[in-house]
Amino acid sequence: MKEYNPKEIEDKWQKEWEKSGIYKIDDNSDNPKYYSLIEFPYPSGDGLHVGHPRPYIGLDIVSRKRRMQGYNVLYPIGWDAFGLPTENYAIKTGKNPRKVTKENTDTFKRQIQSLGISFDWSREINTTDPKYYKWTQWIFLKFLEHGLAYKAKMPINWCPKDKIGLANEEVVDGKCERCGMEVVQKEKEQWMLAITKYADKLLSGLDTVDYPERVKIQQRNWIGKSEGAEISFEVDKSESLKVFTTRPDTIFGATFLVVAGKVDRFTGKYAINPATEEKIPVWEAEYVLADYGTGAIMGVPADDERDMEFAKKNNLPIVTEYKKAGFEDFGTKVVKYKLRDWVFSRQRYWGEPIPVVHCDKCGTVPLPESELPLLLPEVKNYQPTDTGESPLATIEEWVNTTCPTCGGMAKRETDTMPNWAGSSWYFLAYLFNKEGFEGPVSIENWKLQIKNFRHFMPVDWYNGGMEHTVLHLLYSRFWNKFLFDIGLVPASEPYKKRTSHGIILAEGGEKMSKSKGNVINPDSIVERFGADTLRLYEMFMGPFEQAIEWNESSLIGPRRFLERVWKLKEKLALTKSSDVSFGKHDQTSLDKVFPFATTLLNQTIKKVSEDIETLGFNTAISTLMIFANDLDRREKVFKEDYETLLKLLAPFAPHMTEEIWSGLGHTSSIHREQWPEFDETKLVSDEVIIVVQVNGKVRGQFSALSSINEKDAVGVAKNLLEIQKWIGDKTVQKSVYVPAKLVNFVTD
RNA sequence: GCCGGAGUGGCGGAAUGGUAGACGCGCACGACUCAAAAUCGUGUUCCGAAAGGGGUGGAGGUUCGAGUCCUCUCUCCGGCACCA
């Protein structure tokens, strides 16, 4: 018989699947939809490492199971391709980032495709494609139109040596990531998105979605809502100083006020405490933050550790027992958030150009829809300019333009969008039909897509990294909620369910990185073991949500398992309905001949089905191993049992199961078979082992019918020799019976 | 400091309050082989020759029975961090 040769099988079926298009979504299907989503990758120059596919494989298993359950499944992928590493590489080498991106995505695509993940490649998107980013620009214009995009002077991170503005990600411990120079703050006009206007909606929406609790907590903390009161303190009878406090009830204990370092107008003056009507001093200190609340607080040393410390240090009065005030006795109820508006511009080349012009006469003017996409022009030098402006600022023929409103001279905005922009709506981009996506940017065209949105949104299951909890996940919820409010998407929350995968660490527990030289490339694993083994190993190595070390020597286990399933073909002899050796048996009587086998089959179907839903891929696989081992121990294997094993294994090892399936004479794909169902009545076998304890310690066991009643079970247990020995001449005070499982005798 | 999560064999890890260590790796022995690899079989928590006893970071508690529930505590990982 033919040996298991993964390379041959995998190549063959990947081509076959592509040809038949079995993973494509069916736009005309009446079946219920299922939208599975993974965070689309950033195609870095380092290529794929074994950590990348973990989430893809996880949701691939879910998606494949859903197809077998009859769902019309959309499982798409694309490229989040704008970003700094590509730009830095372009600066260093002078290579065109567009070209670099193309090379990188080609590599990533080849690598991902070699793993047999059931992505619908016909829906592939790329955020750097003008056909894509024209819509990103259009959504920005919508924000502008609704007053949620605005310009403000903001400090940016500035490296005085490299003379460039740095993204937050490029600042490590307050120093420039490249040269190690101390980063300074420089004031610059920035585009902002008013995410704070959505703080309450982003918060309350969390109650309606199925996210891990820790994700919800992190988002809540990040939004940082606190309810308190603003209280005005009269200063010099002419002016008043407003403070924010969550404890207005402690105002009788306020013995001083503190303003943030930069708000020094009141420093050294006195204010009147409206509760005590006493004069209290106004101090200035760094522990009060200028950009939170009102930038001023009332000092209540008895109630706040920091106030206490400050009071002691500066010999300020401390009042310990004071009267409690009502919440609004002296102030007004207000709500404050830690969340800040989103700094939305970058002084960088490799991003979406912000589609506005600056006209001396008309001010900031948005480009009309008809001028989208505003293409990113070719430049010779990708290095940011001396003034900290984007390299786009040096291209005069691009910068100088005419105002769309008055036709006069105008200059283009030269800042670009952050790389969070394209990923804030990509789950919608997958739903566009091709004509719409490539067609004109207009509200009419978008509205033609809404029926697709209505059909597929929200995303049913979204898996991604914990590191994106307060960035991408929050940003994309914000964009979706905005689009929902202006009637352009049907669901207020984009993702119904969110899960997170743990990262795969290098052997030794460090993160995999090119600089450490510890990256494992999946190509070499696929070459040596096959994609099915890699898939199985990544799911089997440990709990999906937990970070875990790569361990090369453990790969052989899943491979052996696949070999074993492969060889089981040889034992295939009978179908349960055949009358060759058992005469005219129906299935029921065969179940009587093989009661344990029937129980195990049903338990396996149940456990694997349930584990896939709860990310318990590791235990699902061990259950399949137990079942396969059991079949292997039998003289003959029934076709029904074997085919059930293959179907349950198909989402995990799609190539090998497809090969065996077709070898068994089936002409259609196993991945379109119906997912096995279990018989609730056959989960417990008729015969069971009952454990007997004396005082909680296991001392014996016996086998019995599972229907045995308490009286009989206790009776049998008590008469066991080893139990007699342990009870001896002690009195049994009490016996505990757990049906069909355990008897425990309690003695004096 | 605050908020999450986790501590179980040589290793990765299983266990609706009911036989702790499933499944896999590794290791040992055996079969096959001239031999090796592969494969198959048996064994593998610790102490002990055995009988038996101990054992899920530590200390208590609840319970007939605790890895699981409660109290205290130690360590590690992740997030936020002077947010009034």
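Throughout, protein chains are lettered first and strands after them, A, B, ... in sequence-line order, and every chain is numbered starting at 1. Small disclaimer: the values here were computed from a predicted structure and weren't measured.
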Open item on the list: Closest approach to the side chain of A:Ser622, judged atom by atom: which nucleotide of B:C23, B:C3, B:C64 is it?
Closed with: B:C23
- [ ] Measure from the side-chain heavy atoms of A:Ser554 and tell me the nearest of B:C64, B:C25, B:A84.
- [x] B:C25
Task: Lys/Arg N to Asp/Glu carboxylate O, A:Lys569 vs A:Glu3, below 4.0 Å - done: no
Task: Pairwise P distance for B:A81 and B:C27, with rounding to whole Å - done: 48 Å
Task: Gap in Å between the two C1' atoms, one belonging to B:A28 and one to B:G60, rounded - done: 42 Å
TODO: Decide, yes or no, whether a salt bridge links A:Glu527 with A:Lys7 under the criterion of side-chain N to carboxylate O below 4.0 Å.
DONE: yes
Task: Any A:Lys725 side-chain nitrogen or oxygen under 4.0 Å from OP1 or OP2 of B:G52 - done: yes
Open item on the list: Measuring only the P atom in each nucleotide, how far is B:A59 from B:G9? A whole number of Å is fine.
Closed with: 15 Å
Open item on the list: Quick check for you: among B:G79, B:A84, B:A14, whose closest atom lies nearest to any side-chain atom of A:Gln218?
Closed with: B:G79
Task: Nucleotide B:U39, atom C1' - distance to CG of A:Asn629 in whole Å - done: 14 Å
- [ ] Give every residue pair that meets the salt bridge (Lys or Arg N to Asp or Glu O under 4.0 Å) criterion with at least one member in residues 535-550 of chain A, sequence neighbours excluded.
- [x] A:Asp60-A:Arg535
Open item on the list: With a 6.0 Å cut-off on the ring centroids, do A:Trp550 and A:Tyr537 count as close?
Closed with: yes
Open item on the list: For a quick test of reading the model: is some side-chain N or O of A:Arg564 closer than 4.0 Å to OP1 or OP2 of B:A38?
Closed with: no
Open item on the list: Just to be sure I understand the geometry, which residues of residues 540-552 of chain A put a non-hydrogen atom under 4.0 Å away from RNA chain B?
Closed with: A:Phe540, A:Met541, A:Pro543, A:Gln546, A:Ile548
Task: Strand contacts (RNA chain B) in residues 309-333 of chain A, 4.0 angstrom heavy-atom criterion - done: none
Open item on the list: Quick check on A:Glu286: does its CD atom have over 12 non-hydrogen neighbours (other residues, nucleotides or ligands) under 6.0 Å away?
Closed with: no
TODO: With P as the reference atom in both, quote the distance from B:C32 to B:A36 in angstrom, rounded to an integer.
DONE: 12 Å
Task: Side-chain N,O (A:Arg633) to OP1/OP2 (B:G41) below 4.0 Å - done: no
Task: Qualifying residues under side chain to side chain donor-acceptor pair (under 3.5 Å), relative to A:Lys511, sequence neighbours excluded - done: none
Open item on the list: Within 45 degrees of the ring normal and closer than 6.0 Å to the centroid, is that where the cationic atom of A:Lys336 sits relative to A:Tyr292?
Closed with: no
Task: Sugar-phosphate only, base, or nothing, as touched by A:Lys225 at under 4.0 Å among non-hydrogen atoms - done: nothing
Open item on the list: Can you check the distance between B:A14 and B:G7, where both ends of the measurement are the C1' atom (answer in whole Å)?
Closed with: 16 Å
Open item on the list: Taking only the C1' atom of each, what is the distance from B:A66 to B:G55 in whole angstrom?
Closed with: 14 Å
Task: Sequence-aligned protein contact record of nucleotides 16-21 of chain B, with B where the base is within under 4.0 Å of a protein heavy atom and S where only the sugar-phosphate is - done: B-BB--
Task: Nucleotide nearest A:Met625 when distance is taken to its side chain, options B:G52, B:C23, B:A84 - done: B:C23
Open item on the list: In whole Å, I'd like the distance from the CD1 atom of A:Ile723 to the C1' atom of B:C64.
Closed with: 14 Å
Task: Minimum-distance nucleotide (side-chain atoms of A:Asn618 versus B:C23, B:G13, B:A84) - done: B:G13
- [ ] Ignoring backbone atoms, establish whether A:Arg560 has a side-chain N or O less than 4.0 Å from OP1 or OP2 of B:U39.
- [x] yes
Open item on the list: Any carboxylate oxygen within less than 4.0 angstrom of a Lys/Arg side-chain nitrogen, looking at A:Lys571 and A:Asp632?
Closed with: yes
- [ ] Could you tell me whether A:Asp210 and A:Arg498 make a salt bridge, using a distance below 4.0 angstrom between a side-chain N and a carboxylate O?
- [x] no
Task: P-based separation of B:G24 from B:G18 [nearest Å] - done: 24 Å
Task: Separation of atom CD in A:Glu305 from atom C1' in B:A84, rounded to whole Å - done: 13 Å
- [ ] With the side chain of A:Ile217 defined as its heavy atoms from C-beta on, choose the nearest nucleotide among B:G4, B:A84, B:A51.
- [x] B:G4
- [ ] For the pair A:Phe330 and A:Phe252, name the ring-plane relationship: parallel under 30°, tilted 30 to 60°, perpendicular over 60°.
- [x] perpendicular
TODO: Kindly say whether the aromatic ring centers of A:Phe310 and A:Tyr287 come within a distance under 6.0 Å.
DONE: yes
TODO: Measure the distance from CD1 on A:Ile297 to P on B:C82 and round it to the nearest whole Å.
DONE: 14 Å
Open item on the list: On RNA chain B, compare the nucleotides closest to A:Ala296 and A:Gly557; which residue's is nearer the 5' end?
Closed with: A:Gly557
- [ ] Anything below 3.5 Å on both distances counts as a pair; with that, list the stems of at least three consecutive Watson-Crick or G-U pairs involving RNA chain B.
- [x] B:1-7 with B:74-80, B:10-12 with B:23-25, B:26-31 with B:39-44, B:45-47 with B:52-54, B:57-61 with B:69-73
- [ ] Could you tell me whether B:G9 is syn or anti, where syn means a glycosidic angle within 90 degrees of zero?
- [x] syn
Open item on the list: Rounding to an integer number of angstrom, what distance separates B:G4 and B:G13 when you compare their P atoms?
Closed with: 24 Å
TODO: Respond yes when some side-chain nitrogen or oxygen of A:Tyr287 is under 4.0 Å from OP1 or OP2 of B:A84, and no when none is.
DONE: no
